[in-house]
Amino acid sequence: MAEIKILAEKCTGCKKCISACPFSAITVEDKKARILSNCTFCGACVSACPFGAILLEREAREADLSSYRGVWIFAEQRNGEIMPITYELLEIGRKLADALGVELSALLFGNGLRKKAEVMLNYELDKIYLVEHPLLAYYRTGPYTRAMVDLIRQKRPEVILMGATSTGRDLAPRVATRLKTGLTADCTGLEIEKGTRNLIQTRPALGGNIMASIISPRHRPQMATVRPRVMKKARPSGNRRGEIIEVKLDFTQEDKMVEVVKFIKEEREIEDLQEAEIIVSGGRGLGKAENFSLIRKLARLLGGAVGASRAVVDAGWIPSYHQVGQTGKTVQPKLYIACGISGAIQHQVGMRNSEIIVAINKDPNAPIFDIATYGIVQDLHKFLPVLIEKLEDEKRR
Ligand code: FAD
Ligand code: SF4
Ligand code: SF4
């Protein structure tokens, strides 16, 4: 929210501001102006004052923007392992930092992660801020928010990227709220606006019907969460030039309010769809919910996960966490087998970066064949049982 204040040393009590205010929100007492509680922060009085005695906070902030420099990424770890999203953020973070002509830094929070930080230096990074503490070993909202907000206040980066993962989606809004800055969630595109240093944050909006480009021109840092598997992953560069900066933080009793006793993994039919190297997906061509057993069988035989089109999720044939596409998950497996899926653009955007795409569809003109590496024009009810049988034979042998 904006704030307005009278700079008493500059105010002469001339009362010009009173007539400029459309809301009668200024009074002058003892030759000093005073803003009343019905002020709407419209700003009309600021330019009316001949002595520059009125300051609106949003102007103060704008003047302050140039003191923010650098791009940061949040290096997510789980159980001490660096998560794949970190490498995706490193790739896009490097591009943004180069466009701005600034350093790229990573924030790594945990306990006993020095070796992991050393490995991360193999990527094109300038700095790693390593914060180690037993409270940071597992993600907890309180201590992570504290650590991140403290560091941002000290170092003032202009851009901060986090993964749109369950951790990033919990942490980013809390940090943004504490810093009173903007946050764009679930971005699929990021670039720097020429001449302004603004981050153009692109994401689907209105149910995926439009792509919105969002900027945060009056606030810093500019914060965005990035949809996993949309950006390319960074590769080690062999150009080790970064440094690890160990940061010590003290935590209060308040930060210790939540204790992690044990992690119990949710038992789902699939492991994380976005991490799977093989995905077998089913669409409306399956005909009915029961026929998903063919997809499950094939996925199990190949050691893969089960995906789905939105049509079958909407029909209630399979839960929504299997959905691939614009309003589902973005995946990039080594092998994607689309069975009875037409390949509408909204499905394609979620899977077209898969290494090998096999499409099984009885319609030779189905759009899925435009992006398929191998196309099989067949009735899936005839084809899949034969394929499954062959694979089972193979396995038995
Ligand atoms: P259909 O389009 O009905 O295709 C079925 C296919 O099966 C056909 O090509 C047919 O030839 C084939 N077939 C039929 N019988 C057989 C058989 N016996 N053997 C072999 N092939 C057979 N969709 C998504 O998937 N993911 C999304 O995230 C998503 N987001 C959306 C967001 C918006 C805003 C909108 C408007 C739509 C979105 N959609 C999404 C829906 C998308 O437009 C399609 O409607 C949907 O992908 C179609 O699913 P489908 O391919 O299973 O069904
Ligand atoms: Fe009046 Fe607008 Fe000035 Fe507030 S900002 S005191 S409403 S002119
Ligand atoms: Fe004070 Fe400026 Fe208002 Fe005059 S116009 S009373 S100097 S704030």
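As the structure lists them, so they are numbered: ligands from 1, and atoms in each ligand from 1. The residues of the chain are indexed from 1 along the displayed sequence.
- Using a 4.0 Å cut-off between heavy atoms, Ser342 contacts ligand 1 through both its backbone and its side chain.
- Scored by the side-chain hydrogen bond (donor to acceptor under 3.5 Å, both in side chains) test, Glu158 finds Arg197 as partners (sequence neighbours excluded).
- Given atom 5 (S) of ligand 2, the protein heavy atom at minimum distance is Gly43 N, 3.3 Å.
- At a heavy-atom distance under 4.0 Å, only side-chain atoms of Ile4, from C-beta outward, approach ligand 2.
- Only backbone heavy atoms of Val324 (N, CA, C or O) come within less than 4.0 Å of ligand 1; its side chain stays farther off.
- Of all protein N/O/S atoms, those under 2.8 Å from atom 3 (Fe) of ligand 3 are Cys17 SG, and waters are not counted.
- Close contacts between ligand 2 and Phe23 involve ligand atoms 7 (S) [criterion: under 4.0 Å to a heavy atom].
- Per-residue contacts place Gly325 under 4.0 angstrom from the following atoms of ligand 1 (heavy atoms of the residue considered): 26 (N), 27 (C), 28 (O).
- Contact annotation: for Gln323 versus ligand 1, heavy atoms closer than 4.0 Å belong to the side chain alone.
- The closest heavy-atom contact to atom 4 (Fe) of ligand 2, among the options Ala25, Ser19, Ser24, Cys39, comes from Cys39.
- Per-residue contacts place Cys21 under 4.0 angstrom from the following atoms of ligand 2 (heavy atoms of the residue considered): 1 (Fe), 6 (S), 7 (S), 8 (S).
- Every residue two or more places apart in sequence or in another chain was checked for a salt bridge (Lys or Arg N to Asp or Glu O under 4.0 Å) with Lys31, and none qualifies.
- The environment of CG in Asp250 is sparse: at most 12 heavy-atom neighbours from other residues, nucleotides or ligands sit within 6.0 Å.
- Considering backbone and side-chain N/O of Ala366, none are found under 3.5 Å from N/O of ligand 1.
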Quick one: side chains of residues 336-352, donor-acceptor pairs under 3.5 Å with protein atoms, not counting sequence neighbours, listed by atom name and distance.
| from | atom 1 | to | atom 2 | distance (Å) |
| --- | --- | --- | --- | --- |
| Tyr336 | OH | Ser281 | OG | 2.8 |
| Tyr336 | OH | His347 | NE2 | 2.8 |
| His347 | ND1 | Val324 | O | 3.3 |
| Gln348 | NE2 | Gly343 | O | 2.9 |

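- Inclusion of Leu380 in the set of residues having an N or O under 3.5 Å from an N or O of ligand 1 is warranted.
- Judged purely by atom type and a 3.5 angstrom limit, Gln77 uses its side chain to pair as donor or acceptor with the backbone of Gly80.
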